[in-house]
Amino acid sequence: MAIGLSTYAFFWRSSARVPAPLTLPQMLEQTASMGVRLFQICDYPQIESWSDIQLQALRQQADTLGIQLELGTRGLETAHLQRYLQLAEILQVRVIRSMFNSAQHRPTMAEAAALIETILPQLEQQGVQLCLETYEQVNSAMMMSVINRFPAAAVGVCLDPANCVAALELPQQVIANTAGRVLNLHIKDFAFSRQDGWVGFTLAGCPLGEGLLDYDLLIEQVRPAERGINQIVEHWLPWQQDAASTCLREAEWTQQSVDFLRHRQPQE
């Protein structure tokens, strides 16, 4: 079990809204500078068009920094996942996080099962785990009705309890529905705040440990240390007043999250 960062921990710092967006190699350098040795390249579609030489250079950089890599994408379409398996082979990745839906394709549960069945032999041959994330577009019980058809070593859950709140699924129920098949954790905290004039609420991120994420319950039920499940830091940080303030706050949240998780890890 390891603590890791995701591209989502650098969401604003790598975006076009800041004067000098961080590149992927720069994100790896900053990850290593924090003493973190795991990085999930998640929803970073630029990497799909990288050449083998570019990918090998990234792998070499990760090796030099002592960083293990994971990958993340969206969708179950066969050709798309086959491309990510190619990336995984070059980058020496053993975890691919995905979602049932992509921007182009929203399979039924039967279609999703058929697509997973198609890619399963390649996953098993390559020793890669496909981790399907909990989120508001697919009810967690329905999602589990598909995942439970497949071997636990190859197909499982990327659990992020915060995502399902938007579909009125309580985080505690999502954890209970998925705990036994979790292979990857996305860790971010969240809270509701009143809109101006008290006309509704905003659901947004907050520093880890200050919101509604019941981290202790999550760890009690998933048992990541016992099961070797990585915990990947993300954020739902709203844009602040300007780019400089946003980048500073994002860096602060990232460090706070890493410190929080380190403090909560069992002592050997």
Side-chain angles (χ1 to χ4, degrees), residues 6-8 40-50 69-91 93-186 188 203 222 227 229-230 232 234 236:
S6 162
T7 39
Y8 277 103
Q40 188 175 94
I41 306 167
C42 193
D43 295 344
Y44 191 83
Q46 303 95 305
I47 202 169
E48 296 167 25
S49 61
W50 282 21
L69 296 175
E70 296 180 348
L71 283 169
T73 186
R74 301 183 186 187
L76 294 173
E77 292 170 292
T78 302
H80 184 68
L81 289 182
Q82 286 174 333
R83 174 55 178 156
Y84 269 81
L85 282 169
Q86 293 171 346
L87 300 177
E89 184 173 12
I90 297 171
L91 295 173
V93 163
R94 294 292 173 262
V95 168
I96 298 176
R97 165 276 204 185
S98 195
M99 296 177 164
F100 275 45
N101 296 349
S102 68
Q104 298 79 28
H105 186 232
R106 298 175 65 91
T108 65
M109 295 302 100
E111 290 169 339
L115 288 168
I116 295 171
E117 186 172 12
T118 298
I119 203 69
L120 182 61
Q122 293 171 259
L123 293 170
E124 293 179 325
Q125 180 180 12
Q126 204 166 313
V128 171
Q129 295 177 319
L130 178 64
C131 304
L132 298 168
E133 186 163 356
T134 55
Y135 66 127
E136 76 285 352
Q137 293 183 28
V138 180
N139 175 274
S140 63
M142 294 177 62
M143 176 175 148
M144 294 313 301
S145 73
V146 174
I147 290 174
N148 284 333
R149 303 183 194 185
F150 300 99
V155 180
V157 175
C158 174
L159 174 57
D160 187 336
N163 290 342
C164 299
V165 174
L168 301 184
E169 278 199 89
L170 292 176
Q172 297 90 333
Q173 187 60 57
V174 176
I175 294 170
N177 286 347
T178 62
R181 293 299 302 270
V182 172
L183 297 175
N184 198 245
L185 285 168
H186 280 182
K188 63 172 175 275
L203 171 62
V222 175
R227 298 167 59 196
I229 296 169
N230 294 334
I232 309 297
E234 295 189 332
W236 272 348

Engineer: Work out which heavy atom in Ala113 is nearest to a heavy atom in Arg149; give both atom names and the distance.
Structural biologist: CB-NH1, 3.3 Å
Engineer: Will you find, in the side chains of His80 and Thr73, an N or O donor that is under 3.5 Å from an N or O acceptor?
Structural biologist: yes
Engineer: Just by modelled atom types, is the Leu85 backbone N or O under 3.5 Å from a matching donor or acceptor in the Gln126 side chain?
Structural biologist: yes
Engineer: For Met142, what residues pass the side chain to side chain contact (heavy atoms under 4.5 Å, CB included) criterion, not counting sequence neighbours?
Structural biologist: Met109, Asn139
Engineer: Whether the side chain of Thr7 engages the backbone of Cys42 through a donor-acceptor N/O pair (distance < 3.5 Å, no angle test) should be reported.
Structural biologist: yes
Engineer: Restricting to side chain to side chain contact (heavy atoms under 4.5 Å, CB included), what partner residues turn up for Arg106, sequence neighbours left out?
Structural biologist: Asn101, Gln137
Engineer: Go through Leu132 and Met99 one step at a time and tell me if the side chain to side chain contact (heavy atoms under 4.5 Å, CB included) criterion holds.
Structural biologist: CA-CA 5 Å; Leu132 298 168; Met99 296 177 164; 5.9 Å; no
Engineer: Can you run down the side chain to side chain donor-acceptor pair (under 3.5 Å) pairs that involve residues 174-183, sequence neighbours left out, and say none if there aren't any?
Structural biologist: Ser140-Asn177, Asn148-Arg181, Gln173-Asn177
Engineer: Can you tell me how far the CG atom of Leu91 sits from the CH2 atom of Trp50, to the nearest 0.5 Å?
Structural biologist: 8.5 Å
Engineer: Please round to the nearest 0.5 Å and tell me the distance separating atom CD of Glu77 and atom CD of Gln104.
Structural biologist: 6.5 Å
Engineer: In a check of side-chain contact (heavy atoms from CB on, under 4.5 Å) between Thr118 and each of Leu81, Leu76, Thr78, which one passes?
Structural biologist: Thr78
Engineer: Checking Glu48 now: which residues fulfil side chain to side chain donor-acceptor pair (under 3.5 Å) with it, not counting sequence neighbours?
Structural biologist: Tyr84
Engineer: Are Asn184 and Glu70 packed together at the side-chain level, in the sense that at least one heavy-atom pair is separated by less than 4.5 angstrom?
Structural biologist: yes
Engineer: Extract all donor-acceptor atom pairs below 3.5 Å that involve side chains of residues 152-166 and protein atoms in other chains or at least two apart in sequence.
Structural biologist:
unit_1: Asp160; atom_1: OD1; unit_2: Ala162; atom_2: N; d: 3.1
unit_1: Asp160; atom_1: OD2; unit_2: Lys188; atom_2: NZ; d: 2.4
unit_1: Asn163; atom_1: OD1; unit_2: Lys188; atom_2: NZ; d: 3.0
unit_1: Asn163; atom_1: ND2; unit_2: Glu133; atom_2: OE2; d: 2.8
unit_1: Asn163; atom_1: ND2; unit_2: Thr134; atom_2: O; d: 3.1

Engineer: Any side-chain to backbone donor/acceptor pair from Arg97 onto Asp43? Under 3.5 Å, distance only.
Structural biologist: no
Engineer: In Å and rounded to the nearest 0.5 Å, what is the OH to CZ distance from Tyr135 to Phe100?
Structural biologist: 7.5 Å
Engineer: Look up atom CG in Leu115 and atom OG1 in Thr108, then write down how far apart they are to the nearest 0.5 Å.
Structural biologist: 9.0 Å
Engineer: Just wondering, do Tyr8 and Ile232 contact through their side chains at under 4.5 Å, heavy atoms?
Structural biologist: no
Engineer: What's the spacing between Asn230 CG and Leu183 CG if we round to 0.5 Å?
Structural biologist: 10.5 Å
Engineer: Is the CD atom of Gln125 crowded by more than 12 outside heavy atoms at less than 6.0 Å?
Structural biologist: no
Engineer: Only one of Leu120, Leu123, Leu130 clears side-chain contact (heavy atoms from CB on, under 4.5 Å) with Phe150; which?
Structural biologist: Leu120
Engineer: Among residues two or more places apart or on two chains, list those pairs meeting salt bridge (charged side-chain N to carboxylate O under 4.0 Å, His left out) that have a residue in residues 110-125.
Structural biologist: none
Engineer: Step by step, work out the side chain to side chain contact (heavy atoms under 4.5 Å, CB included) result for Val128 and Val93.
Structural biologist: CA-CA 7 Å; Val128 171; Val93 163; 5.7 Å; no
Engineer: Rounded at 0.5 Å granularity, tell me how far NE2 in His186 sits from SG in Cys131.
Structural biologist: 8.5 Å
